[in-house]
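Not measured: the values here are computed from a predicted model. Note that the numbering runs from 1 along the sequence shown for the chain. Side chains are part of it too, since the values below use all heavy atoms of this structure and drop only hydrogens, waters and symmetry mates.
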Amino acid sequence: MIEARHLRVLRAVATTGSFSAAARELGCTQPAVSQQMKALEQSAGTPLLVRTGRETRLTEAGRALVRHAAGILAGLTAAEEEIAAIAGLRAGRVRLVSFPSGSSTLVPTALAGMRAARPGIQISLEEAEPPRSVEMLRAGDCEIALAFRYPDTRGADAEADGGWGKDDLVVRPLLTDRLVGVVPEGHPLADAERIGIDEFAGEPWIAGCPRCRRHLVEICENAGFTPRIDFATDDYPAVFGLVGAGLGVAVMPELAVESVRHRGARTVPVEPAVEREVVALTLPDLARVPAVAEMLDRLAAAARR
């Protein structure tokens with residue numbers, strides 16, 4: 001294998017015309033230059049220099065290698081400079097994928113802080129619910145994925161439901177997000193301090209994303225009834241709009257409540273407490289990239305506010 005340090009020596013010999021002059025230029029001894037040239041010729045499998053007295057000339061193979069060496073060494077220098085910039089947070093990119101309520105609450109603060117502190121880092125955001133967001137992370141389509149799962153989906157069903165039950169990911173816990181009930185303003189339970197989920201047994205329901213719908217059915221069945229789901233939407237403002245119009249009740253994460261102006265609807269705590277775990281995910285190798293590590297820290301800081 002041809003090494004970059006040997007190419008630098010060859011180029012110096014070709015430029016200066018002798019081992020001694022190349023040694024002076026490189027700041028090393030003449031024997032060191034001779035030793036490295038022998039190693040390069042062994043790697044190349046053919047003579048690269050012809051030495052006649054004090055004169056040193058390149059062979060045809062030597063001239064070809066010097067010609068390529070210029071581009072190779074220039075590329076290595078550029079690569080070293082780019083890597084140094086990335087390591088020093090002067091360059092690089094972080095692609096973030098988040099579920100909608102995370103995009104409107106946690107992500108803006110983290111992205112704004114990162115952009116202000118690290119203007120050389122390219123930052124992008126795309127929305128996707130888990131497990132799609134986790135699939136994108138594993139496929140190399142992003143560096144960080146925000147995801148969530150409910151405590152009762154751990155264990156055997158965790159991978160199928162949340163997509164991040166395996167040990168191949170770095171999991172950065174952000175917060176625990178409690179679900180609250182959503183009822184029309186004129187509803188008999190609108191002013192309750194807290195309610196049992198079973199008190200919604202006879203109500204029509206507005207449900208959310210497929211995973212959230214499955215979880216809704218589970219918690220209602222645990223409370224002794226099966227919810228009658230009349231409407232389903234992934235859009236949280238639409239959920240509030242439907243509830244506010246008196247078309248049903250819902251449960252939704254507090255994180256989503258923060259991002260929506262809920263006209264005509266009220267939120268009430270429900271018992272027993274139902275919570276989901278919100279995390280930031282990345283791959284082990286990516287976690288060591290400075291820009292990714294800093295973005296994880298900023299997401300964690302945004303979650304603490």
Side-chain angles (χ1 to χ4, degrees), residues 98-106 127-133 146-163 165 175-279:
S98 173
F99 54 92
S101 58
S103 298
S104 59
T105 53
L106 301 177
E127 283 193 347
E129 295 274 359
R132 174 57 186 152
S133 57
L146 261 64
F148 63 86
R149 68 180 174 190
Y150 296 96
D152 57 348
T153 61
R154 295 175 189 258
D157 296 331
E159 181 65 14
D161 197 32
L175 56 85
T176 300
D177 193 17
R178 182 167 179 167
L179 301 190
V180 295
V182 185
V183 299
E185 283 188 345
H187 194 279
L189 298 174
D191 295 321
E193 291 187 5
R194 61 187 63 252
I195 60 174
I197 194 74
D198 58 333
E199 296 182 64
F200 284 157
E203 301 280 355
W205 283 81
I206 292 96
C209 70
R211 289 184 61 226
C212 296
R213 285 199 293 275
R214 289 197 300 271
H215 187 257
L216 170 64
V217 171
E218 288 177 8
I219 61 175
C220 290
E221 288 180 345
N222 288 339
F225 71 98
T226 300
R228 191 191 90 201
I229 298 174
D230 287 355
F231 305 99
T233 175
D234 295 347
D235 185 70
Y236 287 124
V239 173
F240 271 111
L242 292 166
V243 172
L247 295 172
V249 299
V251 291
M252 62 192 308
E254 289 183 326
L255 202 61
V257 173
E258 292 179 21
S259 63
V260 180
R261 294 183 61 186
H262 34 96
R263 294 177 180 175
R266 298 276 191 91
T267 61
V268 289
V270 295
E271 297 291 349
V274 181
E275 299 174 334
R276 66 177 185 174
E277 183 183 6
V278 177
V279 301

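Arg178 and Glu275 are not joined by a salt bridge, as no carboxylate oxygen comes within less than 4.0 angstrom of a charged side-chain nitrogen.
When each of Glu218, Arg214, His215 is tested with Tyr150 by the rule side-chain contact (heavy atoms from CB on, under 4.5 Å), just one qualifies, namely His215.
Contact of the Val257 side chain with the Phe240 side chain is registered, since non-hydrogen atoms from C-beta on lie closer than 4.5 Å. With contacts defined as side-chain heavy-atom distances shorter than 4.5 Å, the pair Leu242/Asp230 does not qualify. Contact annotation: the side chain of Cys220 never approaches that of Thr226 to less than 4.5 Å [non-hydrogen atoms, C-beta and beyond]. Between Ile197 and Val251, the closest side-chain pair of non-hydrogen atoms falls below 4.5 Å. The shortest side-chain heavy-atom distance between Pro253 and Phe148 does not fall under the 4.5 Å cut-off. Contact check for Pro130 versus Arg211: side-chain heavy atoms found under the 4.5 Å cut-off. Here the side chains of Leu255 and Leu175 are in contact, with some heavy-atom distance below 4.5 Å. For the pair Pro100 and Glu129, the minimum side-chain heavy-atom distance is below 4.5 Å.
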Next on the checklist: Assess the residue pair Leu106 and Leu146 against the criterion (side chain to side chain contact (heavy atoms under 4.5 Å, CB included)); give the C-alpha distance rounded to whole Å, side-chain angles, the decisive distance to 0.1 Å, and a yes or no.
Outcome noted: CA-CA 10 Å; Leu106 301 177; Leu146 261 64; 4.3 Å; yes
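Looking at every heavy atom in both residues, Leu216 comes nearest to Ala207 through CD2-CB, 4.1 Å. In this structure, Gly181 and Val270 approach most closely via the heavy-atom pair N-CG1, 3.5 Å. Pro237 and Val260 get closest at one heavy-atom pair: CA-CG1, 3.8 Å. Minimum heavy-atom separation, Ala147 to Ser133: CB-OG, 4.5 Å. Residues Phe200 and Val183 approach most closely at CZ-CG1, 3.4 Å, considering heavy atoms.
Applying the side chain to side chain donor-acceptor pair (under 3.5 Å) criterion to Arg266, with sequence neighbours excluded, gives Asp191.
No side-chain donor-acceptor contact under 3.5 Å links Arg276 to the backbone of Arg149.
Legend: salt bridge (Lys or Arg N to Asp or Glu O under 4.0 Å) pairs involving residues 231-258, not counting sequence neighbours: none detected.
Interatomic distance, Glu199 CD to Arg194 CZ, rounded to the nearest 0.5 Å: 11.5 Å. Atoms CD and CG, on Glu271 and Asp198 in that order, are 11.0 Å from each other to the nearest 0.5 Å.
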